[in-house]
Structure formats: structure tokens, C-alpha cells
Amino acid sequence: MIILAATPIGNLGDASTRLIDALSTAEVVAAEDTRTTIKLLKGLGITHKPRLLSLHDHNEREKSAELVEFARDADLLVLSDAGMPTVSDPGYHLVVAAVDAGVAVTVIPGPSAVITALAVSGLPTDRFSFEGFLPRKQGDRLATLASLEHERRTMVFFESPNRLASSLADVASVLGNDRRTVVCRELTKMFEEVKRGTAAELAEWASEGVRGEICIVVAGAEKREFSLQDGVVEVLERVTAGERLKDAAGSVSEATGLSKRELYQAALAAKK
């Protein structure tokens with residue numbers, strides 16, 4: 001079978017007994033970065049030396065079929081550099097290939113930067129969305145944030161420290177200067193820091209330079225009553241920006257609670 005194993009996101013003390021047992025006995029390990037895995041084995045005091053295979057964003061699709069066939073007759077332990085494989089890290093395409101091939105997949109649960117950041121943020125945790133990394137290019141980043149303008153769930157992002165200030169400035173610009181935002185830096189590590197404030201306040205703070213592994217947690221939009229007319233305006237704006245009418249109606253319906261069918265028909269009529 002394929003075994004997805006969560007690794008510490010910073011503090012080695014968070015390694016589970018099951019992870020240590022698995023690393024101590026695994027014959028083959030597919031790792032995002034084999035150098036990181038070697039350091040992990042050494043840090044945990046594990047002398048066992050499994051065969052290490054590299055599995056990352058650039059080769060996962062190519063290697064998945066071969067790894068799935070291997071896992072048909074033996075166990076394959078899969079690791080990301082930190083946290084759970086498949087969550088913004090390699091592993092998803094491998095799991096899809098395994099499911100399609102009827103090969104068993106199981107999980108050794110453990111640390112997750114997404115859940116850790118959400119839990120410590122102080123923002124609502126009953127409903128949330130994980131949005132991965134914001135786009136590198138500002139135009140794409142602004143478009144992504146615009147699509148989340150009416151998202152009412154708490155949102156969790158990963159971000160590079162080099163782009164943190166500009167991304168927070170874009171959050172303030174698109175979602176509002178006063179949108180409640182939390183930056184979680186170096187979670188579980190010695191210099192862990194959780195900075196809370198508005199998007200504008202944190203953008204100014206980050207402009208001085210920030211280092212380390214970063215998670216951004218952003219409060220969802222306040223509940224707002226939308227009329228059908230408001231919804232149609234939003235749909236048409238999205239269509240003008242290049243989105244298909246059907247997709248735009250669906251997105252606005254999900255964000256506002258308005259009927260997708262009514263939005264589609266009203267927008268179609270307005271375009272004539």
C-alpha cells in the first residue's frame with residue numbers, strides 16, 4: 001500500500017510514534033526532498049537507511065504509475081518536507097493514480113501547518129478554506145483575491161516571506177483595509193510568532209522584512225444581503241473579466257446564496 005506520513009513542521013518533538021516506527025522499518029521512501037528526509041532520520045536518531053526516491057512537483061506525474069505498481073506488492077512510505085503529503089505538496093497525483101489502479105492508500109496523521117495556523121489565529125474555525133500559495137504575479141494575485149471577495153469562510157494561505165508584504169497589501173486593497181488578518185511565522189519552532197491585526201496594519205508591519213515559513217489566515221467576509229440585481233452586476237463583471245457566464249453565475253450563487261438559475265437567466269437577459 002501507499003502510506004502518506006505527516007512529518008514535523010518545525011519541532012521534531014511532534015514526530016509521532018507511528019512515524020518513527022514507519023521510518024525505522026520502511027524499505028522504500030518517496031520523499032519531496034531526500035536531503036530533508038536524511039536530516040529527519042538523523043534528527044530522530046533513526047539509524048535505519050531506507051531506499052530514498054525523489055518525488056516532487058516536477059516528476060510526480062511521470063513517476064506515479066511506476067510507484068503505484070511498486071506499492072501493489074510492497075509498502076511505499078510517502079513524505080513531504082513538512083506536514084502532510086498532498087496538502088500543497090507532492091502526493092496528490094500519486095494518490096489519484098493509486099485509487100484508479102485499486103491500490104490501497106492509508107495515512108499516518110500528524111502535524112499540519114494549515115490546521116495549526118487556523119487553530120492559533122483566533123479567527124472562526126467552524127468553516128474554513130485552504131487556498132494554497134497566492135500567485136506570484138500581482139495581476140493573478142489580485143484576480144484570485146477578487147474571486148474570494150465574498151467568501152465567508154476563514155481562509156488560510158501559504159506565502160513566501162519575500163512576497164508577504166505585497167500580498168498583504170493586495171489583501172487590504174481587494175478585501176478591505178480592515179479585514180481581520182493573522183500572520184503565523186515559524187510555527188512550532190523556536191522563533192514562532194503570531195501577528196494579528198488588520199490587513200493594512202500587517203502589510204505595513206511586513207514591509208520591514210519578515211523571515212521564515214509563513215501562513216496567512218484571513219477572516220471571511222461579513223454576511224451581507226444581496227439582491228438579484230446586485231448578483232447580476234457581479235456576474236456581468238466576472239463575464240467581462242473573461243469568466244464563462246455559467247461559471248460566473250455559479251460562483252456568485254455560492255458566495256451570495258442567490259439562485260444560480262435565476263442569476264444565469266437574469267444575466268443572460270441583461271446581455272441581450
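The chain is numbered in sequence order, starting from 1.
- A donor-acceptor pair under 3.5 Å is formed between the side chain of Asp75 and the backbone N or O of Met1.
- The distance from the CD1 atom of Ile46 to the CG atom of Leu23 is 4.5 Å, given to the nearest 0.5 Å.
- Residues Leu53 and Val103 share a single hydrophobic cluster, defined by chaining ILVMFWY side chains whose heavy atoms lie under 4.5 Å apart.
- Applying the 6.0 Å contact sphere to CD of Glu192 captures more than 12 heavy atoms from other residues, nucleotides or ligands.
- Linking ILVMFWY residues whenever their side-chain heavy atoms come closer than 4.5 Å, directly or via other members, leaves Leu79 and Ile9 in distinct clusters.
- Taking OG from Ser167 and CZ from Phe157, the interatomic distance works out to 9.0 Å, rounded to the nearest 0.5 Å.
- With a 4.5 Å cut-off on side-chain heavy atoms, Leu94 and Ile2 count as touching.
- The side chain to side chain donor-acceptor pair (under 3.5 Å) test applied to Ser227 returns Asp230, not counting sequence neighbours.
- In summary, the side chains of Glu149 and Ser147 do not present any donor paired with an acceptor at a separation below 3.5 Å, with no hydrogens or angles considered.
- Atom OG in Ser16 sits 6.5 Å away from atom CD1 in Ile108 (nearest 0.5 Å).
- A heavy-atom distance below 4.5 Å is not found between the side chains of Phe128 and Met155.
- To the nearest 0.5 Å, atoms CG (Leu76) and CD (Glu69) are separated by 12.5 Å.
- Among pairs with a residue in residues 23-42, those fulfilling side-chain hydrogen bond (donor to acceptor under 3.5 Å, both in side chains) read Asp33-Arg35, at least two apart in sequence or across chains.
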ring-ring contact (aromatic ring centres under 6.0 Å, His included) assessment of Phe158 paired with Phe130: CA-CA 9 Å; Phe158 288 161; Phe130 172 55; 4.9 Å; yes

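- A donor-acceptor contact shorter than 3.5 Å is absent between the side chain of Glu60 and the backbone of Asp57.
- Sparse packing is recorded around CD of Glu204, with 12 or fewer heavy atoms of other residues, nucleotides or ligands lying under 6.0 Å away.
- Counting heavy atoms from C-beta on, the side chains of Trp205 and Leu164 come closer than 4.5 Å.
- Listed here is the closest heavy atom pair of Pro85 and Ala5: CD-O, 3.3 Å.
- Looking at every heavy atom in both residues, Ala146 comes nearest to Arg238 through O-NH2, 4.3 Å.
- Within the structure, side-chain hydrogen bond (donor to acceptor under 3.5 Å, both in side chains) contacts touching residues 101-119 (residues at least two apart or in different chains) do not occur.
- Each of Arg163, Arg179, Arg136, Arg141 was evaluated against Asp170; a single residue qualifies, Arg141, per the salt bridge (Lys or Arg N to Asp or Glu O under 4.0 Å) test.
- Residues Leu55 and Val78 share a closest heavy-atom pair of CD2-CG1, 4.2 Å.
- Residue-environment remark: CD (Gln265) exceeds the threshold of 12 foreign heavy atoms within 6.0 Å.
- No path of Ile, Leu, Val, Met, Phe, Trp and Tyr side chains, each step under 4.5 Å between heavy atoms, connects Leu4 with Val29, placing them in separate hydrophobic clusters.
- From His93, atom NE2 reaches atom OG of Ser64 across 7.5 Å, with rounding to the nearest 0.5 Å.
- Annotation: side chain of Leu134 is in contact with side chain of Leu145 (closest heavy-atom distance under 4.5 Å).
- Proximity of Arg153 to Asp126: side-chain heavy atoms (C-beta onward) are nowhere separated by under 4.5 Å.
- Atoms CG and NE2, from Asp81 and His56 in turn, are 11.0 Å apart once rounded to the nearest 0.5 Å.
- In plain terms, the two heavy atoms of Pro109 and Ala6 that are nearest each other are C-CB, 3.9 Å.
- Each of Val156 and Ile214 belongs to its own hydrophobic cluster when Ile, Leu, Val, Met, Phe, Trp and Tyr are linked at side-chain heavy-atom distances under 4.5 angstrom.
- More than 12 heavy atoms of other residues, nucleotides or ligands sit less than 6.0 Å from atom NE2 of His48.
- Closest approach of Leu123 to Val218, counting heavy atoms only: CD1-C, 3.9 Å.
- Side-chain contact check for Lys189 versus Glu213: some heavy-atom pair is nearer than 4.5 Å.
- Proximity of a side-chain donor or acceptor of Thr154 to a complementary backbone N or O of Pro124 within less than 3.5 Å is detected.
- Follow the hydrophobic side-chain contacts under 4.5 Å out from Leu52 and you never reach Leu67; the two are in separate clusters.
- Of the possible donor and acceptor atoms, one in the side chain of Thr144 sits under 3.5 Å from a partner among the backbone N and O of Asp140.
- A donor-acceptor pair under 3.5 Å links the side-chain atoms of Arg185 to the main chain of Phe191, judged by distance alone.
- A donor-acceptor contact shorter than 3.5 Å links the side chain of Ser253 to the backbone of Leu258.
- Nearest approach of Thr86 to Tyr92, heavy atoms of both residues: CG2-N, 3.5 Å.
- No donor-acceptor distance shorter than 3.5 angstrom exists from the side chain of Glu186 to the backbone of Gly212, with no hydrogens or angles considered.
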